[in-house]
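Count residues from 1 along the sequence.
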Amino acid sequence: MIWPNTPKSCSLNGSQEGADKSELIVGLWDDYKCWKCHEKTRVIDWSWRSGEGEMWTENDLIGQKLQQIVPSYKKDYTRSADAYYYCNHCATCGAIQGEWFVTEWVAKERAVGHLPSDVVKLRMDPDHDK
């Protein structure tokens, strides 16, 4: 599946994240199968340039910027975490895709040599620590 108009680089003001976190690396995966409707949907995984990995976030600055890239990555409440946070959702039926399951699937895909369909770098604003 081809996703038109995917930005390759975006600015992100991440003052809440600290000066050592200057860039996010976002992996876009197109072939994740939704647990509920069984349709393929796009999911993301992301890490800081330093390599510290993430799958979800409570940070609105980061979550909103990631949602601009993948609209189905949005803030929602989960009972299992008893919290609101940004996470992957099915683009077809809207079901939250469990972060543990997505993380495991991405790890297995990488283990067999598959790579994301696209990678996007999100840069922090130069004066994010002011």
Side-chain angles (χ1 to χ4, degrees):
M1 179 177 286
I2 298 173
W3 296 83
N5 302 321
T6 300
K8 297 293 182 188
S9 182
C10 302
S11 175
L12 175 67
N13 179 347
S15 59
Q16 298 173 349
E17 294 303 325
D20 63 329
K21 297 184 176 182
S22 62
E23 188 174 56
L24 298 173
I25 310 300
V26 184
L28 304 154
W29 301 83
D30 292 329
D31 294 329
Y32 186 78
K33 188 176 177 182
C34 174
W35 65 269
K36 187 172 184 178
C37 73
H38 309 289
E39 294 292 322
K40 288 186 178 180
T41 190
R42 176 170 264 194
V43 294
I44 66 170
D45 71 321
W46 63 277
S47 64
W48 293 104
R49 182 178 65 182
S50 66
E52 181 184 337
E54 303 281 345
M55 186 60 68
W56 59 274
T57 184
E58 292 177 344
N59 182 315
D60 287 331
L61 288 172
I62 295 170
Q64 290 168 4
K65 189 57 75 170
L66 292 170
Q67 189 175 15
Q68 289 176 4
I69 297 169
V70 178
S72 59
Y73 187 84
K74 56 189 175 184
K75 195 170 193 176
D76 208 341
Y77 175 80
T78 66
R79 281 181 275 185
S80 60
D82 190 27
Y84 284 91
Y85 60 88
Y86 287 85
C87 54
N88 289 292
H89 289 70
C90 177
T92 302
C93 73
I96 292 175
Q97 303 304 297
E99 296 313 301
W100 187 88
F101 297 104
V102 175
T103 301
E104 181 181 46
W105 180 83
V106 167
K108 286 180 181 179
E109 290 295 297
R110 289 186 186 277
V112 297
H114 296 158
L115 296 174
S117 59
D118 203 0
V119 175
V120 176
K121 294 180 180 181
L122 300 173
R123 289 186 184 84
M124 305 288 252
D125 287 336
D127 57 350
H128 70 275
D129 56 350
K130 292 182 181 177

Any idea which heavy atoms bring [X] and [Y] closest together, and the distance?
X: V106; Y: W29; value: CG1-CZ2, 3.7 Å
X: W46; Y: T57; value: CZ2-CB, 3.8 Å
X: L28; Y: P116; value: O-CB, 3.3 Å

Side-chain contact, heavy-atom cut-off 4.5 Å: [X] with [Y]?
X: I44; Y: I69; answer: no
X: I25; Y: V119; answer: yes
X: Q97; Y: W35; answer: yes
X: D30; Y: K40; answer: no
X: N88; Y: F101; answer: no
X: R110; Y: D45; answer: yes

If I take atom [atom1] from residue [X] and atom [atom2] from residue [Y], how far apart are they, to the nearest 0.5 angstrom?
X: L66; Y: L122; atom1: CG; atom2: CG; answer: 6.0 Å
X: E99; Y: T78; atom1: CD; atom2: OG1; answer: 8.5 Å
X: K75; Y: Y86; atom1: NZ; atom2: OH; answer: 5.0 Å
X: R42; Y: S72; atom1: CZ; atom2: OG; answer: 8.5 Å
X: Y85; Y: N59; atom1: OH; atom2: CG; answer: 15.5 Å
X: K36; Y: I96; atom1: NZ; atom2: CD1; answer: 10.5 Å

Do W105 and Y32 have ring centres separated by under 6.0 Å? yes

Does a donor on one side chain sit under 3.5 Å from an acceptor on the other, for Y77 and D82?
yes

| said: Main chain of A91, side chain of T41: is a donor-acceptor contact present, judged purely on distance under 3.5 Å? | reply: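 Yes, T41 side chain to A91 backbone: donor-acceptor pair under 3.5 Å.
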
